[in-house]
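All figures in this text were calculated on a predicted structure; none of them were measured in a lab. Numbers for residues simply follow the sequence, beginning at 1.
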Amino acid sequence: MREIKYTGIILKKQPLGEADELITLFTKEQGKVRVLAKSVKSAKSKLQQKLQALFFVEARVTTGKLPKVIGVETIKIYAPLRENLDGLKHAFYALEFVLKFSADEQKNEKLFVIFESFLEFLNSSPSAQVLDLGLLKFKLSGLETVGFAVHFPKDALTERQLFFSPEAGGFLPNPGGVAVDAEIYQLFLQLKALRPTEAELLKFNPRSVFQLQSFLSDFIEYQLERKLKSEMYLKGI
């Protein structure tokens with residue numbers, strides 16, 4: 001029986017029978033894949049502690065309709081992140097984003113890099129304000145990578161007033177949707193040009209950050225036709 005090696009981040013675990021689990025991995029090689037972990041809930045299982053959500057792993061699996069895990073090596077567990085409740089809330093938001101916007105077995109290496117980089121960013125224990133700026137950057141980059149980039153008019157800086165509409169695809173120079181303050185639009189433009197690790201360089205009113213988060217969450221909800229469940233945990237921060 002042929003083996004395949006995947007490098008990926010564990011998104012989800014589901015019980016399957018009394019002792020098995022179905023593991024959803026987001027892999028660099030093949031996008032989102034599901035693999036069977038046999039007898040993983042057994043006390044004697046050597047895989048149990050290596051197959052946890054948000055673990056970055058290298059997994060060896062068999063080929064077939066439902067590949068079976070035959071070996072796992074842990075690359076990173078993001079230990080500092082796991083001790084930071086606010087960081088974990090942001091991480092699980094990103095995890096759900098990847099789950100919902102990824103088709104099965106459809107390679108998206110750019111999204112993999114964005115997701116893995118965001119976990120590294122969260123693992124660095126950024127301040128609360130930088131944490132939110134990093135999430136905004138993840139949303140913008142993630143949306144663009146899955147084909148739902150936020151539209152913005154090229155000459156918007158010359159307009160007296162802008163509006164945001166999820167239905168229209170983003171920012172508009174003409175009335176429609178919600179009116180946008182100039183600072184919010186400046187924040188959007190600067191985030192697009194920065195890497196996640198550079199978010200700490202930005203200085204913005206927290207209200208502008210909150211408003212842009214709200215706009216992008218509405219945009220994501222419109223594209224998915226549903227809310228991300230982890231959204232309610234973020235709003236509790």
Side-chain angles (χ1 to χ4, degrees), residues 81 84-102 111 114-115 117-119 121-122 125-157 159-237:
L81 170 58
N84 184 330
L85 180 57
D86 288 351
L88 273 177
K89 290 176 180 179
H90 286 71
F92 278 104
Y93 181 93
L95 181 154
E96 189 180 0
F97 180 100
V98 172
L99 265 174
K100 293 295 192 296
F101 277 106
S102 299
L111 182 58
I114 289 168
F115 184 36
S117 297
F118 185 58
L119 294 181
F121 163 74
L122 296 176
S125 302
S127 66
Q129 183 174 5
V130 175
L131 200 62
D132 286 338
L133 288 169
L135 180 61
L136 280 172
K137 177 62 180 180
F138 171 81
K139 288 179 178 180
L140 289 171
S141 299
L143 284 166
E144 183 173 354
T145 303
V146 297
F148 294 109
V150 176
H151 170 77
F152 63 104
K154 305 304 180 184
D155 59 348
L157 292 178
E159 304 291 340
R160 288 180 298 176
Q161 179 68 66
L162 286 175
F163 300 84
F164 189 88
S165 168
E167 296 84 355
F171 293 95
L172 304 171
N174 49 292
V178 181
V180 177
D181 290 342
E183 186 180 35
I184 294 173
Y185 188 64
Q186 286 288 344
L187 174 59
F188 165 78
L189 291 178
Q190 291 192 38
L191 280 168
K192 278 183 63 66
L194 292 179
R195 294 192 297 268
T197 53
E198 296 175 322
E200 62 185 8
L201 301 176
L202 298 180
K203 302 297 180 183
F204 278 89
N205 187 320
R207 292 174 61 184
S208 296
V209 175
F210 176 83
Q211 190 63 63
L212 185 55
Q213 291 281 19
S214 180
F215 286 161
L216 295 183
S217 291
D218 289 344
F219 185 87
I220 289 169
E221 180 182 350
Y222 178 78
Q223 302 302 333
L224 289 174
E225 299 183 347
R226 73 185 78 174
K227 281 184 178 291
L228 292 182
K229 293 180 181 178
S230 49
E231 185 80 46
M232 68 181 198
Y233 298 110
L234 285 177
K235 289 181 178 178
I237 295 176

Open item on the list: Looking at Lys229, I'd like to know if its NZ atom is crowded, meaning that more than 12 non-hydrogen atoms belonging to other residues, nucleotides or ligands lie closer than 6.0 Å.
Closed with: no
Task: Atom pair CD (Gln213) and CG (Asp132), whose distance is rounded to the nearest 0.5 Å - done: 5.5 Å
- [ ] Could you pull out the closest heavy-atom pair between Leu172 and Ser165, with the gap in Å?
- [x] CD1-CB, 3.9 Å
TODO: Would you please classify the geometry between the Phe97 ring and the Phe101 ring as parallel, tilted or perpendicular, with 30° and 60° separating the classes?
DONE: tilted
Open item on the list: Do Tyr185 and Phe171 have side chains that approach each other closer than 4.5 Å (heavy atoms only, starting at C-beta)?
Closed with: yes
Open item on the list: Do Glu231 and Ile220 make a side-chain contact, defined as non-hydrogen atoms from C-beta onward lying under 4.5 Å apart?
Closed with: no
Task: Side-chain heavy-atom pair Leu133, Leu194 within 4.5 angstrom cut-off - done: no
- [ ] Taking all non-hydrogen atoms of both residues into account, name the closest pair between Ala91 and Leu81 and its distance.
- [x] CB-CD2, 4.0 Å
Task: Point-to-point distance, once rounded to the nearest 0.5 Å, from CD1 of Ile184 to OG of Ser208 - done: 5.0 Å
Task: Atom pair CD (Gln186) and CG (Leu191), whose distance is rounded to the nearest 0.5 Å - done: 11.5 Å
- [ ] Would you name the heavy atoms of Tyr93 and Leu234 that are closest together and state the gap between them?
- [x] CD1-CD1, 3.3 Å
Open item on the list: Just verifying a value: how many Å separate Asn205 CG and Gln129 CD, rounded to the nearest 0.5 Å?
Closed with: 9.0 Å
TODO: Could you check if a side-chain atom of Ser217 sits within less than 4.5 angstrom of a side-chain atom of Lys139, using non-hydrogen atoms only?
DONE: yes
TODO: Determine the interplanar angle of the Phe115 and Phe138 rings, folded into 0 to 90°, and report it as parallel if under 30°, tilted if 30 to 60°, perpendicular if over 60°.
DONE: tilted
Open item on the list: Show, in sequence, the C-alpha distance, side-chain angles and deciding distance for Val209 and Leu202, and conclude whether the side chain to side chain contact (heavy atoms under 4.5 Å, CB included) test is met.
Closed with: CA-CA 11 Å; Val209 175; Leu202 298 180; over 6 Å; no
TODO: Grab the two heavy atoms, one from Gln161 and one from Ala179, that are nearest each other, plus how far apart they are.
DONE: NE2-CB, 3.8 Å
TODO: Locate the shortest heavy-atom distance separating His90 from Phe118; write the atom from each residue and the value.
DONE: O-CE2, 3.7 Å
Open item on the list: Does atom CD (Glu144) have a neighbourhood of more than 12 heavy atoms from anything else shown, all under 6.0 Å?
Closed with: no
Open item on the list: Please give me the minimum heavy-atom distance between Leu131 and Pro126, naming the atom from each residue.
Closed with: CD1-CG, 3.5 Å
- [ ] Answer whether the closest heavy-atom distance between the side chains of Phe164 and Leu212 falls below 4.5 Å.
- [x] no
Open item on the list: Working note: Val98 + Ile114, criterion side chain to side chain contact (heavy atoms under 4.5 Å, CB included); need CA distance, chi angles, decisive distance, verdict.
Closed with: CA-CA 10 Å; Val98 172; Ile114 289 168; over 6 Å; no
Open item on the list: Given Phe188, which partner from the list Phe152, Phe204, Phe215, Phe219 fulfils the ring-ring contact (aromatic ring centres under 6.0 Å, His included) test?
Closed with: Phe152
